[in-house]
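Just so we're clear, the structure is a prediction, and the values are computed from it rather than from any experiment. Remember, it's 1-based here, ligands and their atoms both numbered in the order they're listed.
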Amino acid sequence: MCGIVGYIGNKQVLPILMHGLRDLEYRGYDSAGVAVLDNGKISRIREVGKVDKLAKKVDGEKLPGNIGIAHTRWATHGGVTEFNAHPHIVDGKLAVVHNGIIENYRELKAKLKNPKLESETDTEVLAHWIYQHYKGDLVEAVRKSLLEVRGTYGLVVMHVDHPKQLVAARLGSPLAIGIGEGEYYIASDVTPMLPYTKQVTFLDDGEVASINGDGLKIVNLRDEIINKTVTEIDWDQETAQKGGFENFMLKEIFDQPVVFEDAIRGRLDMEEGTAILGGINLKQNQLKGIKRILILAEGTAMHAGLIGKNAFERLANLPTEIDFSSEFRYRDPVIGEDTLAFALSQSGETADTLMAIREAKRKGAVVRGIINVVGSTIAREAGAGTYIHAGPELAVASTKAFTNMVAVLLLYALEFGRFKFTSVATGKKMQQALLEIPEKMNEVLKRNKEIKAIAEKYKTYANILFIGRGVNYPVALEGALKLKEISYIHAEGLAGGALKHGPLALVSKDVPVVAICTQNQLYEKMKSNIQEVKARGARVLVIASEGDEEIKEIADDVIYVPKTMELLEPLLNTIPLQLFAYHIAVALGRDVDRPRNLAKSVTVE
Ligand code: F6R
């Protein structure tokens with residue numbers, strides 16, 4: 001996720017772009033840049049860090065002009081450096097800002113006639129690719145070049161030969177165009193344009209817009225004219241940033257189908273039924289030497305890691321251990337060169353996890369990161385690894401980073417599994433199941449209202465237990481963590497089988513139980529656990545597989561989820577629990593985005 005702004009009209013463009021960047025900073029904040037076209041020349045200023053730092057650099061500079069583009073970056077390809085910041089410029093003539101991921105950028109790069117690239121980004125390759133297609137018509141250059149592009153983009157292009165034109169295109173990454181009096185605003189969401197106009201049209205996938213002072217023309221990639229409707233926006237600034245959602249947590253829960261696609265995009269080898277995660281950076285013989293996996297994490301990341309453990313053991317037959325990073329470094333863990341240690345972290349800044357990987361390295365383990373924030377401390381210290389591409393997560397309670405961590409761990413398990421253990425048929429079956437996940441996530445999200453109504457019934461309890469078995473045990477842990485951190489209701493996640501060894505004593509009519517009981521190999525065992533708590537008078541909410549009518553006999557409330565492969569179930573089963581926690585917290589009047597006592601990155605031990 002990055003933020004894009006563009007303007008063409010009669011006003012001085014620089015203040016509009018800078019203002020827009022501040023509004024969009026929530027979409028990315030590792031570096032930012034502006035480019036303005038004036039008198040046949042593009043001037044550009046870029047800076048690493050937040051928009052404030054760019055503003056300081058821009059301050060003394062005079063960048064007059066009425067047309068320009070700007071970008072605030074959330075790195076996906078390439079580290080956080082000024083060279084990698086947008087706008088990217090080719091030959092001093094064409095400037096591009098881009099939000100998304102160009103999946104086949106290596107392929108495009110190989111086709112460039114003059115690939116004098118100064119950054120490591122997929123966007124710069126795209127800029128050169130468009131430049132190579134330019135024959136005097138900027139829209140044609142963009143349209144034709146996009147025919148061969150795979151991936152996602154929201155992009156805006158500016159060219160010195162067209163001082164009164166911006167060209168924008170979209171596939172998968174949002175772009176809105178605000179229509180003023182003889183002027184146009186383009187941005188990743190409507191926030192930057194709200195002070196100037198409420199008349200907005202939204203680009204749809206596969207559309208290319210030519211925007212100039214005289215008008216707006218939109219075509220599709222086949223060059224057919226598209227007639228768009230203009231919408232009157234009545235959102236305020238804050239609502240717009242949250243995409244119309246009440247707060248960031250809800251937005252991020254609803255982001256999951258889209259960002260999940262980003263996590264798996266370009267990482268499946270459909271021929272071989274495997275995954276390709278370049279970031280592991282180990283030769284085949286080194287990979288074969290790995291005999292154990294160790295996952296180091298905290299909190300939600302730890303729960304994702306537990307799901308990864310299941311997958312590594314089942315698919316790759318690799319003994320996998322998972323440890324709280326805060327505990328690991330104070331034990332005397334037995335690890336060696338045959339251990340591959342993953343640091344699993346959304347922020348990439350968690351002090352405990354950072355210390356733990358230092359310890360693992362010292363003991364000779366191969367260390368890799370599975371991280372969301374590109375260029376973060378753990379990502380840099382790990383040296384290699386894989387980004388989960390969840391985009392900025394602003395709510396303190398982690399949601400979309402969880403599902404994307406699980407996605408990447410599943411891909412690793414598949415890749416390792418296909419080296420020795422898993423058949424191509426199983427690999428292909430899993431790939432198919434992964435590709436179906438976004439649609440199934442959407443089906444779960446459609447139950448939001450229903451889940452809200454159920455949450456109402458549970459909001460007054462002081463204690464709630466969550467139970468699950470097998471792949472759904474970590475889901476129970478995560479459901480309980482979400483509830484306690486944002487609603488302040490005491491909750492515990494338990495393995496269904498562990499109930500009778502102690503916690504059953506807690507169960508009564510005053511302590512409801514949330515049971516994750518989808519139809520997998522442990523279904524019957526879970527049902528017995530539900531019977532155990534029912535017999536003690538507990539109210540039971542069950543997360544069940546679609547079509548399971550029988551479960552209604554023992555459940556007080558049911559939330560249905562679509563069926564999928566057992567290993568993938570947590571990707572769907574966690575979402576109703578995120579929504580359940582969210583609605584309880586809202587009903588109790590909690591500040592869901594900023595719960596008390598908690599911070600988004602825990603950079604102290
Ligand atoms: C829970 C939550 C925390 C984090 C934990 C690790 O919603 O956000 O439990 O998961 O602090 O943080 P990262 O993943 O940044 O290392």
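Looking at Q256 and T399, their side chains never bring a donor and an acceptor atom within 3.5 Å of each other. With 3.5 Å as the limit, one finds a donor-acceptor pair spanning the side chains of Y412 and T386. With no hydrogens or angles considered, no side-chain donor-acceptor pair links T123 and T121 at under 3.5 Å. A side-chain N or O of Y458 and one of D557 form a donor-acceptor pair less than 3.5 Å apart. Residues N448 and H583 have side chains that bring a donor and an acceptor to within less than 3.5 angstrom of each other.
In this structure, atom 14 (O) of ligand 1 lies nearest to the protein heavy atom Q346 N, 2.6 Å. For atom 11 (O) of ligand 1, the closest non-hydrogen atom on the protein side is V602 CG2, 4.2 Å.
If you check each of T350, T300, I378 against atom 13 (P) of ligand 1, the one with the closest non-hydrogen atom is T350. Relative to atom 15 (O) of ligand 1, the option among A304, S347, A297 with the closest non-hydrogen atom is S347. With distances taken over non-hydrogen atoms, the option nearest atom 8 (O) of ligand 1 out of I370, I388, L481, V396 is V396.
For ligand 1, the atoms lying closer than 4.0 Å to a non-hydrogen atom of E298 are 5 (C), 6 (C), 10 (O). Using a 4.0 Å cut-off to heavy atoms of A397, the atoms of ligand 1 that qualify are 7 (O). Close approach to A301 involves these atoms of ligand 1, each under 4.0 Å from a residue heavy atom: 10 (O), 14 (O).
Residues D189 and K242 are not paired through a salt bridge, judged by the lack of any N-O separation under 4.0 Å between the basic side chain and the carboxylate. Between E359 and R362 there is a salt bridge, since a side-chain N of the basic residue sits under 4.0 Å from a carboxylate O of the acidic one.
Counting heavy atoms under 4.0 Å from ligand 1, residue E485 touches it through the side chain alone. Residue contacts with ligand 1, taken as heavy atom pairs separated by less than 4.0 Å, involve K482 solely via side-chain atoms from C-beta onward.
Ligand 1 has no N or O atom lying under 3.5 Å from any N or O atom of T353, backbone or side chain.
Checking V373, L409, V408 one by one against I388, the side-chain contact (heavy atoms from CB on, under 4.5 Å) holds for a single residue, V408.
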